[in-house]
Amino acid sequence: MTMEEVKTISCMKKAMPFILVILLQVGLAGMDILTKAVLNEGMSNYVLVVYRHGVAAIVMAPFAFYFDKMTRPKMTPMIFFKITLLGLFEPVIDQNLFCLGMKYTTATFATALYNTLPAVTFILALIVRLEKVKLRSIRSASKVVGTMASVGGTMIMTLVKGPALDLFWTKGPSAQNTAGTDIHSSINGAVLVTIGCFSYACFFILYAITLKTYPTELSLTAWICLMGTIEGAAVALVMERGNPGAWAIGWDNKLLTVTYSGIVCSALGYYIGGLVMKTRGPVFVTAFSPLCMIVVAFMSSIIFAEQMYLGRALGAAVICAGLYLVIWGKGNDYKDASTNPKQTKLELRGNEKNSVGHEIIAIRNEREQRTVVEPV
């Protein structure tokens with residue numbers, strides 16, 4: 001293998017986490033558009049969550065059974081408890097509250113609020129010591145400033161409306177498209193989406209912790225989807241009691257949304273998130289959410305003729321600036337960790353009093369080697 005091939009492979013390995021999370025955000029944007037469409041058609045968000053993760057569990061189970069059969073750790077009560085919480089945090093709490101918040105507002109508004117996800121994840125990571133902050137470090141300061149800017153941008157989006165932006169494809173929107181965008185509906189939707197966002201951040205933190213004791217992404221994804229299906233079904237049966245028609249689904253947009261979101265956003269989404277999280281951490285995985293907002297805003301303004309407002313555009317811009325400060329800080333963290341490996345430490349001490357023999361302890365790459373120098 002030539003040096004050029006080695007450099008190419010090395011560059012691809014470094015770029016792969018970025019490529020994966022960007023593709024993931026594009027896939028999530030498609031899910032947001034489809035979800036808003038079926039919710040407008042009257043589909044129950046509780047039923048959607050159940051069907052979505054049922055499809056994901058069916059798709060991932062064979063791959064997990066075959067590829068992880070030799071490496072899958074033993075299931076313990078503590079690991080199962082963590083998986084149960086993972087199935088509750090994201091599939092049940094987060095997705096249901098996100099859909100409810102989208103009903104109060106718009107797909108663009110709900111997705112834009114989710115740009116606070118990296119900030120919330122960063123704060124939780126600090127609490128559980130998955131992230132470190134040194135106040136005198138520029139990269140740490142960028143994380144703190146970025147987090148504060150993200151929260152400020154969210155408040156601007158929620159409380160400031162401003163004049164409408166007259167885009168040529170959104171002129172003359174119908175009352176249906178502009179309904180639910182008043183300040184009261186925006187606040188109600190913002191509260192629901194923010195709670196769901198906090199739950200999603202908890203999911204990522206717990207996911208990173210669980211991977212340390214259950215490091216098989218395929219099996220963990222299959223378990224999360226299965227538990228999400230069971231727990232979501234229990235919630236849906238309560239919320240949709242007396243309405244059996246809510247479970248009906250045919251060869252229409254509902255089936256397309258369930259299949260797409262189950263395979264792309266749940267099955268592949270959880271799996272890709274776990275792969276990237278192992279090397280880059282949960283904050284990096286969540287830091288690319290502004291890309292999803294940009295795609296959703298553009299597509300929603302075309303498909304649903306959603307009206308754009310100056311206040312929301314300014315808030316989104318502040319959020320993007322803050323979050324990419326967080327990305328910059330995280331990128332420097334990874335760069336320092338990869339380019340400044342731990343140096344070899346040597347310690348020389350006598351084995352015994354008045355002994356001419358010495359023991360040299362060399363520590364290389366977190367492995368300890370001991371060499372005894374015999375007396376001459």
Side-chain angles (χ1 to χ4, degrees), residues 12-28 53 56 60 63-64 67-68 71-73 78-79 82-91 94-95 114-133 139 143 146-147 197-225 227-228 264-292 323-324 326-338:
M12 286 298 299
K13 287 183 178 179
K14 292 180 180 178
M16 189 57 64
F18 293 89
I19 296 173
L20 289 176
V21 292
I22 289 173
L23 292 177
L24 177 59
Q25 291 303 320
V26 174
L28 290 174
H53 290 90
M60 293 301 294
F63 293 99
F67 290 104
D68 289 347
T71 59
R72 188 184 302 110
M78 180 55 65
I79 293 176
K82 292 178 180 178
I83 292 175
T84 303
L85 288 181
L86 288 171
L88 181 65
F89 281 147
E90 209 286 314
D94 167 54
Q95 291 182 22
Y114 252 63
N115 287 333
T116 58
L117 177 63
V120 178
T121 306
F122 174 63
I123 294 173
L124 292 178
L126 283 177
I127 295 175
V128 300
R129 297 184 179 181
L130 291 177
E131 289 284 338
K132 297 180 180 179
V133 170
R139 63 173 181 266
K143 297 177 188 177
T147 301
C197 183
F198 178 79
S199 179
Y200 200 12
C202 293
F203 169 82
F204 277 108
I205 296 298
L206 184 58
Y207 196 176
I209 295 174
T210 307
L211 280 173
K212 296 180 180 180
T213 54
Y214 200 82
T216 49
E217 295 87 357
L218 286 171
S219 296
L220 187 55
T221 298
W223 273 111
I224 293 173
C225 294
M227 296 307 299
V264 175
C265 302
S266 290
L268 292 179
Y270 297 157
Y271 176 65
I272 291 174
L275 285 178
V276 178
M277 205 179 301
K278 272 189 172 182
T279 57
R280 298 282 181 152
V283 176
F284 181 87
V285 177
T286 61
F288 286 78
S289 56
L291 177 61
C292 180
L323 292 178
Y324 280 104
V326 176
I327 293 175
W328 181 79
K330 286 295 297 177
N332 279 344
D333 281 351
Y334 181 78
K335 182 178 180 180
D336 291 344
S338 60

Item to check | Worked check of side chain to side chain contact (heavy atoms under 4.5 Å, CB included) between L124 and I127 | outcome: CA-CA 5 Å; L124 292 178; I127 295 175; 4.3 Å; yes

Interatomic spacing from [atom1] in [X] to [atom2] in [Y] - rounded to 0.5 Å:
{"X": "L85", "Y": "T210", "atom1": "CG", "atom2": "OG1", "result": "8.5 Å"}
{"X": "L275", "Y": "R280", "atom1": "CG", "atom2": "CZ", "result": "13.5 Å"}
{"X": "C225", "Y": "I83", "atom1": "SG", "atom2": "CD1", "result": "11.5 Å"}
{"X": "I272", "Y": "L20", "atom1": "CD1", "atom2": "CG", "result": "5.5 Å"}
{"X": "T279", "Y": "K14", "atom1": "OG1", "atom2": "NZ", "result": "13.0 Å"}
{"X": "S266", "Y": "Q95", "atom1": "OG", "atom2": "CD", "result": "5.0 Å"}

Item to check | Residue pair G27 / V264: nearest heavy atoms and the distance that separates them | outcome: CA-CG1, 4.1 Å

Item to check | Minimum-distance pair of heavy atoms, taken over all atoms of M277 and P282 | outcome: CG-N, 3.6 Å

Atom pairs and distances, donor-acceptor, side-chain atoms in residues 197-208, under 3.5 Å, two or more places apart:
from: S199; atom 1: OG; to: F89; atom 2: O; distance (Å): 2.5
from: Y207; atom 1: OH; to: Y270; atom 2: O; distance (Å): 2.8

Item to check | Derivation and outcome, side chain to side chain contact (heavy atoms under 4.5 Å, CB included), residues L23 and I19 | outcome: CA-CA 6 Å; L23 292 177; I19 296 173; 4.0 Å; yes

Checklist entry - Can I224 and E90 be said to form a side chain to side chain contact (heavy atoms under 4.5 Å, CB included), step by step? => result CA-CA 9 Å; I224 293 173; E90 209 286 314; over 6 Å; no

Checklist entry - Does CE belonging to M78 count more than 12 external heavy atoms closer than 6.0 Å? => result no

Checklist entry - What residues form a side chain to side chain contact (heavy atoms under 4.5 Å, CB included) with V21, not counting sequence neighbours? => result V276, F284, F288

Item to check | Side chains of L88 and T84 in contact at under 4.5 Å (non-hydrogen atoms) | outcome: no

Next on the checklist: Suppose the criterion is side-chain hydrogen bond (donor to acceptor under 3.5 Å, both in side chains): which pairs have a residue in residues 212-223, not counting sequence neighbours?
Outcome noted: D68-S219, R72-S219, E217-K278

